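Keep in mind that what you see is a predicted model, and the values were worked out from it rather than measured.
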Amino acid sequence: MAASSAPSAAPDLKSGQLLNLITATTASTVGFWAWTIIGPLSARYTAEMDLTPTQASVLVAMPILVGSIARIPVGAWTDRYGGRRMFTIVLGVTAPLVLLTAVAGETGSYALIVVVAFFLGIAGTVFAIGIPFCSAWYDRTRKGFATGIFGAGMVGTAVSAFFTPRLVAGVGYFNTHLIIAGIVAAMAVVCWLVLRESPAWSRPTEPILPKIRHAFTLKVTWQLCFLYGVVFGAFVAFSNYLPTYLGNVYDYDATAAGTRTAGFAVAAVIARPIGGTIADKLGPKIVTLTSLAGTVVLAMVVAFQPGQERVYGTAFLLMALFLGFGTGGVFAWVGRAAPVKEVGTVGGIIAAAGGLGGYFPPLVMGATYDAERSSYFVGLTLLAVFAALALLLTFTVRNGGKTDERARSET
């Protein structure tokens with residue numbers, strides 16, 4: 001009787017933990033590179049297709065749309081089928097889409113490349129796969145660290161901004177996409193051969209749609225959706241639109257703008273795991289509050305378009321650090337606040353909100369751009385306003401602790 005009532009041994013999470021985290025993060029980096037290959041070449045598309053600022057904004061934002069919305073079912077499917085299968089499938093589908101992007105770009109058809117860019121958004125769903133996959137490999141006290149490290153895979157945006165225009169200049173437009181497609185396909189194979197599911201993961205038997213509907217009934221889902229929509233959305237928007245912004249406001253060419261955009265993305269990537277780790281120790285609330293307060297101030301600094309690079313360059317780098325800090329803090333909340341068996345589903349919805357948060361700003365920036373003054377004052381002021389609203393909302397969200405853990409275990 002005593003033996004039967006004894007608690008079951010905890011699963012061994014140490015064996016394979018680091019290898020799976022590193023492999024998943026690398027897969028995310030490659031996926032983000034493919035997801036954002038259009039932004040660094042926006043000046044090329046604008047010149048070759050004679051695009052208006054609004055048309056260029058739509059093109060840059062299009063992959064973000066699908067990459068956002070599709071994160072909801074992909075997160076739920078990851079709960080059901082596991083990260084190994086989902087990483088392999090998503091990257092396997094992405095590789096030919098990268099090639100189709102090259103074909104569409106060479107035709108000079110704006111309509112065609114917008115359609116292809118729409119489907120290229122599938123690459124962005126890798127984020128919704130990795131959060132539950134990596135979170136399952138770590139216990140509660142290190143989930144912020146795990147999701148923060150995995151989230152550093154968004155460095156793929158920096159890789160794209162830095163290498164894509166340089167590859168085009170060096171080997172040509174089509175060959176660049178051929179190389180990237182090959183890297184994506186190779187990573188799909190690596191995921192299938194290397195990744196393993198956490199011993200703590202078990203395949204749920206519940207239908208997917210009811211789980212998604214239930215996740216939408218949770219108050220914390222909506223709260224974290226808004227917070228993540230602001231911090232990650234701003235990161236995605238700048239990572240994709242900053243080359244256009246720097247070209248219009250400060251007259252940088254594609255390579256110079258791409259280099260500075262890469263620096264922005266790298267700064268955010270460095271800050272993300274730091275935010276997640278601090279959230280493990282101090283709680284995600286203080287991390288998120290700090291992030292949003294910094295974003296409000298820096299968005300207004302940039303809005304006034306300081307003329308010296310040492311001023312606006314520093315402001316953009318600091319903003320990237322605050323945004324990265326916040327993305328790590330907000331997603332550390334998911335492992336604490338979401339029901340244990342619904343981390344993938346809830347995380348997918350929140351990740352979708354983050355992506356959608358990055359979809360609309362480029363459209364707003366393009367629509368409100370003052371060509372006469374080369375100014376994006378309205379768009380950047382709106383970022384400050386939404387960051388301030390998110391700051392106020394953060395005070396209402398539970399910080400996530402032992403009480404939350406017991407509540408989730410009873411769900």
* Between the side chains of Trp35 and Thr94, does any donor sit under 3.5 Å from an acceptor? -> no
* Of the non-hydrogen atoms in Thr125 and Ile122, which two are nearest, and what is the gap between them? ->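 In terms of heavy atoms, the two residues are closest at OG1-O, 2.7 Å.
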* Between the side chains of Thr244 and Ser42, is a donor N or O closer than 3.5 angstrom to an acceptor N or O? -> yes
* Asked: Taking the side chain from Asn20 and the backbone from Ser198, do they hold a donor-acceptor pair closer than 3.5 Å?
  ->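 No.
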* Asked: Hey, does the side chain of Thr101 reach the backbone of Leu97 with a donor-acceptor pair shorter than 3.5 angstrom?
  ->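 Yes, because the side chain of Thr101 sits within donor-acceptor range (under 3.5 Å) of the backbone of Leu97.
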* Asked: Given side chains that start at C-beta, do those of Cys191 and Met187 come closer than 4.5 Å, heavy atoms only?
  ->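 Yes, their side chains come closer than 4.5 Å.
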* Considering all heavy atoms, the nearest Arg196-Trp192 contact ->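 What the structure gives for the nearest pair is NH1-O, 3.8 Å.
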* Answer yes or no: is there a donor N or O on one side and an acceptor on the other, between the side chain of Glu197 and the main chain of Arg84, under 3.5 Å? => yes
* Please say which of Tyr250, Tyr245, Phe235 ends up in a ring pair (Phe, Tyr, Trp, His ring centres under 6.0 Å) with Phe316. =>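 The residue from Tyr250, Tyr245, Phe235 that satisfies ring pair (Phe, Tyr, Trp, His ring centres under 6.0 Å) with Phe316 turns out to be Tyr245.
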* Asked: Are Phe238 and Leu383 close enough that some pair of their side-chain heavy atoms sits under 4.5 Å apart?
  -> yes
* **Main-chain N/O of Leu21 paired to Thr25 side chain as donor or acceptor, under 3.5 Å** =>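 Yes, because the side chain of Thr25 sits within donor-acceptor range (under 3.5 Å) of the backbone of Leu21.
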* Of all heavy-atom pairs between Val296 and Ala388, which one has the smallest distance, and what is that distance? -> CG2-N, 3.5 Å
* Please tell me if the side chains of Ser160 and Ile37 come closer than 4.5 Å, counting only heavy atoms from C-beta onward. => yes
* Does any N or O in the side chain of Ser28 come within less than 3.5 Å of the main-chain N or O of Ala24, such that one atom is a donor and the other an acceptor? -> no
* Phe163 atom CZ, over 12 foreign heavy atoms within 6.0 Å ->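 At most 12 heavy atoms, drawn from other residues, nucleotides or ligands, come within 6.0 Å of this atom.
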* Asked: Is a side-chain donor-acceptor pair under 3.5 Å present for Thr259 with Arg166?
  -> yes
* **Test item: Thr345 side-chain N/O and Lys211 main-chain N/O as donor-acceptor pair under 3.5 Å** =>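 Looks like no, no N/O pair under 3.5 Å.
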* Please report the closest heavy-atom contact between Ala95 and Val184, naming both atoms and the distance. =>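 So the minimum-distance heavy-atom pair works out to N-CG1, 3.8 Å.
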* Counting only heavy atoms not in Tyr369, do more than 12 fall under 6.0 Å of its OH? ->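 Check passes, neighbour count above 12.
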* Is it true that a side-chain atom of Thr396 and a backbone atom of Leu393 form a donor plus acceptor pair closer than 3.5 Å? ->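 Side chain of Thr396 to backbone of Leu393, a donor-acceptor pair under 3.5 Å: yes, one is there.
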* **Note, Tyr138 side chain near Gln17 side chain (heavy atom, < 4.5 Å)** => yes
* Sub-4.5 Å side-chain heavy-atom contact between Thr381 and Met300 ->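 Sidechains of Met300 and Thr381: in contact.
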* **Note, Glu309 side chain near Arg260 side chain (heavy atom, < 4.5 Å)** =>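 Yes, side chains in contact.
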* Relative to each other, are the rings of Phe150 and Phe127 parallel, tilted or perpendicular (30° and 60° limits)? ->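 Answer is tilted, since the angle falls between 30° and 60°.
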* To do: Check whether any side-chain N or O of Thr23 sits under 3.5 Å from a backbone N or O of Leu195 as a donor-acceptor pair, and report yes or no.
  => no
* To do: For the residue pair Tyr241 and Ser57, establish whether any side-chain heavy-atom pair is separated by less than 4.5 Å.
  => yes
* To do: Check for a donor-acceptor pair, side chain of Ser291 on one end and backbone N or O of Phe322 on the other, with a separation under 3.5 Å.
  => yes
* **Test side-chain contact (heavy atoms from CB on, under 4.5 Å) applied to Glu48 - qualifying residues, sequence neighbours left out** =>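 Per chain and number, Glu48 pairs via side-chain contact (heavy atoms from CB on, under 4.5 Å) with Arg44.
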* Reported CD1-to-CG distance for the pair Ile274 and Leu321, which is rounded to 0.5 angstrom -> 8.0 Å
* When the ring centroid of Phe216 is compared with that of Trp222, is the distance short of 6.0 Å? -> yes
* Would you mind reporting whether Phe325 and Arg272 have side-chain heavy atoms less than 4.5 Å apart? =>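 The answer is no; the side chains never approach within 4.5 Å.
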